[in-house]
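To start, the structure under review is shown below, and the notes come after it.
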Amino acid sequence: MILAVFQVAIATIFFDYVPQSDTETVTDALSSYPNREDIDPRNFETIQKIYNLTVFPANAKIITEGAPAVPSGLFNENATGRVTPVGEFFGFQDSFEYFFGLAPLPFGVPPNGAITNATLVEFASGCPEVAASTVYLNVSTINPDNSTGPFIAVLKQVAFWRFDAEGAVLKYDAWIPNLDPFTNLLHGFDSNSVAGMTNIIGGICQLQETTCVGNNAVYNGVNDCVQTLTAKPFGRSDEAWGDNVVCRQIHVLLTKIRPEVHCAHVGPTGGGKCIDVAYNDVYFNDEFLFDAPLGTPFTCNDSGL
Ligand SMILES: *[C@@H]1O[C@H](CO)[C@@H](O)[C@H](O)[C@H]1NC(C)=O
Ligand SMILES: *[C@@H]1O[C@H](CO)[C@@H](O)[C@H](O)[C@H]1NC(C)=O
Ligand SMILES: *[C@@H]1O[C@H](CO)[C@@H](O)[C@H](O)[C@H]1NC(C)=O
Ligand SMILES: *[C@@H]1O[C@H](CO)[C@@H](O)[C@H](O)[C@H]1NC(C)=O
Ligand SMILES: *[C@@H]1O[C@H](CO)[C@@H](O)[C@H](O)[C@H]1NC(C)=O
Ligand SMILES: *[C@@H]1O[C@H](CO)[C@@H](O)[C@H](O)[C@H]1NC(C)=O
């Protein structure tokens with residue numbers, strides 16, 4: 001704790017990048033944790049800042065402007081991790097696209113939901129390298145004037161984090177439980193009903209028609225897309241990684257940011273991303289993913305990393 005206070009003081013004096021008001025806000029936020037002496041305030045602030053950027057309209061700005069809109073210092077250029085049940089992400093670009101590019105935008109279909117609040121309900125960080133958190137992301141209707149309307153649902157994410165020496169996220173292993181019921185509330189219909197599936201396939205095909213154009217085109221128009229996707233398994237939001245519709249429903253959102261990469265994932269072959277994977281391989285390949293022995297990436301040690 002003393003070390004952490006000292007770090008903030010140093011940063012304020014020499015780099016002047018921690019405005020006093022932010023420091024106070026973080027201290028205020030930390031005061032609600034009974035064992036706050038076990039929390040590294042630098043790591044708390046980094047994680048809260050990351051989740052704050054999922055809140056509308058901060059996410060909209062990143063989806064429109066891409067990497068330059070992501071504040072520096074949050075993710076290491078090599079940031080790599082897994083978000084169950086969505087996939088694995090390698091490097092800064094992949095990582096920020098997942099964290100911010102998939103945060104819902106309210107435009108289009110009712111109930112027009114977006115994240116309106118991000119609260120770290122649980123947080124622990126007993127050493128500068130590692131933290132664990134649970135965030136509640138409250139999703140509400142966004143009114144036409146962008147003000148917050150009625151509550152829709154909470155999205156929960158549980159995560160372990162590893163930080164580099166500067167405090168940017170280097171590795172993460174996160175889990176979003178219960179995406180099936182969450183998605184149904186966000187859409188306002190049952191995704192697995194016939195009408196719901198038709199609706200979702202139509203939405204994917206309409207969107208890719210506007211984002212996957214020219215060299216990035218993967219279908220011969222909306223009808224070809226609808227026919228191809230109707231012939232595939234629908235899949236479930238709680239296991240979105242596979243050669244199915246639900247996987248493409250996620251990846252089509254990212255075609256707004258990098259069509260040259262993500263259109264292929266939405267296409268007929270899945271482009272190496274929306275492909276059938278072996279559960280026992282992809283959810284347990286920690287040593288490959290984190291390039292470190294099992295049990296070390298998210299456990300405090302004296303490596304001084
Ligand atoms: C997160 O956003 C809230 C609401 O705007 C703000 O009060 C808080 O200071 C932000 N936290 C950080 C660490 O930026
Ligand atoms: C990212 O990884 C590359 C290749 O291993 C390395 O050269 C580079 O220094 C790393 N960047 C950071 C910020 O650690
Ligand atoms: C979330 O709501 C809490 C309680 O109203 C508030 O203190 C906090 O600043 C809000 N955070 C964000 C990111 O909006
Ligand atoms: C988030 O939603 C839950 C469920 O309605 C509510 O109890 C909680 O107060 C909300 N939190 C914030 C900060 O808005
Ligand atoms: C609502 O937010 C979006 C995204 O930032 C912006 O494009 C739009 O102009 C805003 N609408 C209003 C009425 O402020
Ligand atoms: C400490 O953690 C790093 C990163 O996971 C790992 O490479 C290193 O082997 C660990 N050191 C010890 C002594 O366990």
Side-chain angles (χ1 to χ4, degrees), residues 4-5 7-8 11-12 15-33 36 39-62 67 69-81 88-96 99-100 103-106 113-123 125 128-129 131 133-143 146-157 159 161-172 287-292 297 303-305:
V5 169
Q7 281 170 345
V8 171
T12 310
F15 303 107
D16 199 33
Y17 85 101
V18 182
Q20 197 56 36
S21 57
D22 270 15
T23 310
E24 276 166 12
T25 308
V26 170
T27 310
D28 287 350
L30 285 174
S31 68
S32 60
Y33 292 83
R36 59 187 174 276
I39 296 180
D40 185 323
R42 179 197 71 175
N43 294 344
F44 178 89
E45 183 171 4
T46 302
I47 300 309
Q48 180 71 64
K49 275 186 177 163
I50 287 174
Y51 285 123
N52 269 13
L53 291 169
T54 67
V55 175
F56 179 79
N59 65 324
K61 183 174 160 67
I62 295 177
V70 182
S72 61
L74 298 183
F75 289 100
N76 183 287
E77 67 172 305
N78 297 325
T80 288
E88 293 179 342
F89 304 91
F90 297 87
F92 168 76
Q93 178 82 28
D94 247 27
S95 295
F96 91 75
F99 275 93
F100 312 125
L105 288 172
I115 295 169
T116 51
N117 185 281
T119 298
L120 287 169
V121 292
E122 304 289 350
F123 193 87
S125 180
E129 298 84 23
S133 62
T134 297
V135 68
Y136 283 1
L137 302 168
N138 273 27
V139 173
S140 303
T141 295
I142 302 295
N143 297 319
N146 281 353
S147 62
T148 299
F151 166 78
I152 297 173
V154 186
L155 184 65
K156 175 177 184 170
Q157 185 173 87
W161 309 90
R162 186 168 190 100
F163 303 89
D164 68 17
E166 278 73 48
V169 170
L170 185 57
K171 301 173 187 189
Y172 51 90
E287 299 202 350
F288 160 74
L289 181 65
F290 299 120
D291 193 23
S303 71
L305 225 187

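All ligand and atom numbering here is 1-based and tracks the order in the structure. Keep in mind it's a predicted model, so treat the numbers as computed, not measured.
For atom 8 (C) of ligand 3, the nearest non-hydrogen atom of the protein is Asn117 ND2, 3.8 Å. Atom 3 (C) of ligand 2 has as its closest protein heavy atom Asn78 ND2, 3.6 Å.
Contacts between Asp164 and ligand 2, counted as non-hydrogen atom pairs separated by less than 4.0 Å, are absent for every part of the residue. Residue contacts with ligand 3 for Thr119 involve side-chain atoms from C-beta outward but no N, CA, C or O (heavy atoms, distance under 4.0 Å).
Separation of atoms CZ (Phe89) and CG (Leu289) is listed at 10.5 Å; rounding is to 0.5 Å.
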query = Between Tyr172 and Phe99, is a ring-ring contact (aromatic ring centres under 6.0 Å, His included) present by the stated rule, with each step listed?
reply = CA-CA 11 Å; Tyr172 51 90; Phe99 275 93; 5.2 Å; yes
request  = Evaluate side-chain contact (heavy atoms from CB on, under 4.5 Å) for Ile47 paired with Phe163, printing each intermediate quantity in order.
outcome  = CA-CA 10 Å; Ile47 300 309; Phe163 303 89; 3.9 Å; yes
Full working for side-chain contact (heavy atoms from CB on, under 4.5 Å) between Asn146 and Phe56 = CA-CA 9 Å; Asn146 281 353; Phe56 179 79; 3.7 Å; yes
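Geometrically, ligand 1 and Gln48 share no nitrogen or oxygen pair separated by less than 3.5 Å.
For the side-chain contact (heavy atoms from CB on, under 4.5 Å) criterion with Asn138, the lone passing option out of Ile115, Thr116, Val55, Leu155 is Thr116.
Under the 4.5 Å side-chain criterion, counting only non-hydrogen atoms from C-beta, Phe44 is not in contact with Ser125.
In Tyr33, the OH atom is crowded: over 12 heavy atoms of neighbouring residues, nucleotides or ligands sit closer than 6.0 Å.
Taking only non-hydrogen atoms, the option from Leu53, Asn52, Leu120 nearest to atom 1 (C) of ligand 1 is Asn52.
The nearest protein heavy atom to atom 14 (O) of ligand 3 is closer than 4.0 Å. Contact annotation for atom 11 (N) of ligand 2: protein present (non-hydrogen atoms, distance under 4.0 Å).
Listed by number with element, the atoms of ligand 1 under 4.0 Å from a non-hydrogen atom of Lys49 are 13 (C), 14 (O).
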